[in-house]
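Data first, discussion second: the structure below is written as structure tokens.
First the proteins, then the strands, lettered A, B, ... as listed; each starts at 1.
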2 protein chains.
Amino acid sequence: MTDTLKRNLTPQKLEKAAYILKTVAHPIRLGIINLLDEHEQLSVNQICEYLKCEQSLLSHHLTNMKIKGLLKADKQGVQVFYSLKEKDLIKLLDCMENCNCNM
Amino acid sequence: MTDTLKRNLTPQKLEKAAYILKTVAHPIRLGIINLLDEHEQLSVNQICEYLKCEQSLLSHHLTNMKIKGLLKADKQGVQVFYSLKEKDLIKLLDCMENCNCNM
DNA sequence: CAAATATATGAATATATTATCATATAAACA
DNA sequence: TGTTTATATGATAATATATTCATATATTTG
């Protein structure tokens, strides 16, 4: 036995982790994830109001997060209800909430 | 009693979390954190070799991470040894390693 | 002191991300 | 059908981040 590495992070894994972090590293997106952890599903308008975010900007974020597989969208009439597809993201939120970084 | 929220993420907390995530959401930076979790301290050159990263680029990243309080630097002669100042970041790495996001 | 080595810095560039605005689409309803 | 409401889209502009390159600085050593 030689190496006793704590984890095995290959360059590909680092890339992937960075990619995930990057798509989440924005206050609006964290806000969306947080809300959808607490609410199961919400319409665009509801999220708008909670986050006090302009409709079009929010829509861009939602669309992007959907494309990347983070969120699900369910159209009901005029409304579109979004929900969390990638539940693992909640762990990240918890991790960040408990993070006492002095930065 | 009214709300039973899972966490209390104020706009400020979301901002801060996003800020931290952003400064870490890069393969080189994740690589640095991972290495410095496993090694206590490493010189710029050593990190360079491990990560196969060009000296100047690495230096920029290290400097930036130092400024933001993530890393410590200890100059010994010509060499500068970097180490992890913000140990909480390790939790984030672990979180990411266990994250099975299908993105 | 000159040369070699390790690291940092700054400017320029390249690239990516975010925000804004105007407009499109589609459903609901009077 | 015309109007209202909810959401999406695309182009542009604004801003931030990453990379490269040339060079500076500081330390060590012959």
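Every residue two or more places apart in sequence or in another chain that forms a side chain to side chain contact (heavy atoms under 4.5 Å, CB included) with A/His61 is listed here: A/His26, A/Ile28, A/Arg29, A/Ile32, A/Leu57. With sequence neighbours excluded, the residues forming a ring-ring contact (aromatic ring centres under 6.0 Å, His included) with A/Tyr50 are A/His39, listed by chain and number. The side chain to side chain contact (heavy atoms under 4.5 Å, CB included) search around A/Glu40 returns A/Lys87, not counting sequence neighbours. Under the salt bridge (Lys or Arg N to Asp or Glu O under 4.0 Å) criterion, A/Lys91 pairs with A/Asp88, sequence neighbours left out. For B/Leu14, the side chain to side chain contact (heavy atoms under 4.5 Å, CB included) test picks out A/Pro27, A/Leu30, B/Leu9, with sequence neighbours left out.
Annotation: salt bridge (Lys or Arg N to Asp or Glu O under 4.0 Å) contacts involving residues 59-70 of chain A, sequence neighbours excluded, are absent. Sorted by first and then second residue, the salt bridge (Lys or Arg N to Asp or Glu O under 4.0 Å) pairs involving residues 41-59 of chain B (not counting sequence neighbours) form an empty list. Evaluation of the side chain to side chain donor-acceptor pair (under 3.5 Å) test over residues 69-86 of chain A, restricted to residues two or more places apart or in two chains, returns none. Residues in residues 93-103 of chain A take part in these side chain to side chain donor-acceptor pair (under 3.5 Å) pairs, two or more places apart or across chains: A/Asp94-B/Arg7.
Taking atom CG of residue B/Asn64 and atom C1' of nucleotide C/dT7, one finds them 16 Å apart after rounding to whole Å. Rounded to a whole Å, the CD atom of A/Gln76 is 15 Å from the C1' atom of C/dA28. Straight-line distance from the CD atom of B/Glu54 to the C1' atom of D/dA18: 12 Å, rounded to whole Å. Here D/dT5 presents its P atom at 17 Å from NZ of A/Lys75, a figure rounded to the nearest Å.
For DNA chain D, no neighbouring residue in residues 30-39 of chain A is found when judged by any heavy atom under 4.0 Å.
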Pairs: protein N or O with nucleotides 12-19 of chain C N or O, under 3.5 Å:
unit_1: C/dT18; atom_1: O3'; unit_2: A/His26; atom_2: NE2; d: 3.4
unit_1: C/dA19; atom_1: OP2; unit_2: A/His26; atom_2: NE2; d: 3.2
unit_1: C/dA19; atom_1: OP2; unit_2: A/His61; atom_2: NE2; d: 3.2

Mind listing the N/O atom pairs, protein and nucleotides 6-8 of chain D, below 3.5 Å?
unit_1: D/dT7; atom_1: OP1; unit_2: A/Val44; atom_2: N; d: 3.3
unit_1: D/dT7; atom_1: OP1; unit_2: A/Val80; atom_2: N; d: 3.3
unit_1: D/dT7; atom_1: OP2; unit_2: A/Asn45; atom_2: N; d: 2.8
unit_1: D/dT7; atom_1: OP2; unit_2: A/Asn45; atom_2: ND2; d: 3.2
unit_1: D/dA8; atom_1: OP1; unit_2: A/Tyr82; atom_2: OH; d: 2.7
unit_1: D/dA8; atom_1: OP2; unit_2: A/Ser59; atom_2: OG; d: 3.1
unit_1: D/dA8; atom_1: N7; unit_2: A/Gln55; atom_2: NE2; d: 3.0
unit_1: D/dA8; atom_1: N6; unit_2: A/Gln55; atom_2: OE1; d: 3.3

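If you take CG on B/Leu21 and CG on A/Leu21, they are separated by 6.0 Å, rounding to the nearest 0.5 Å.
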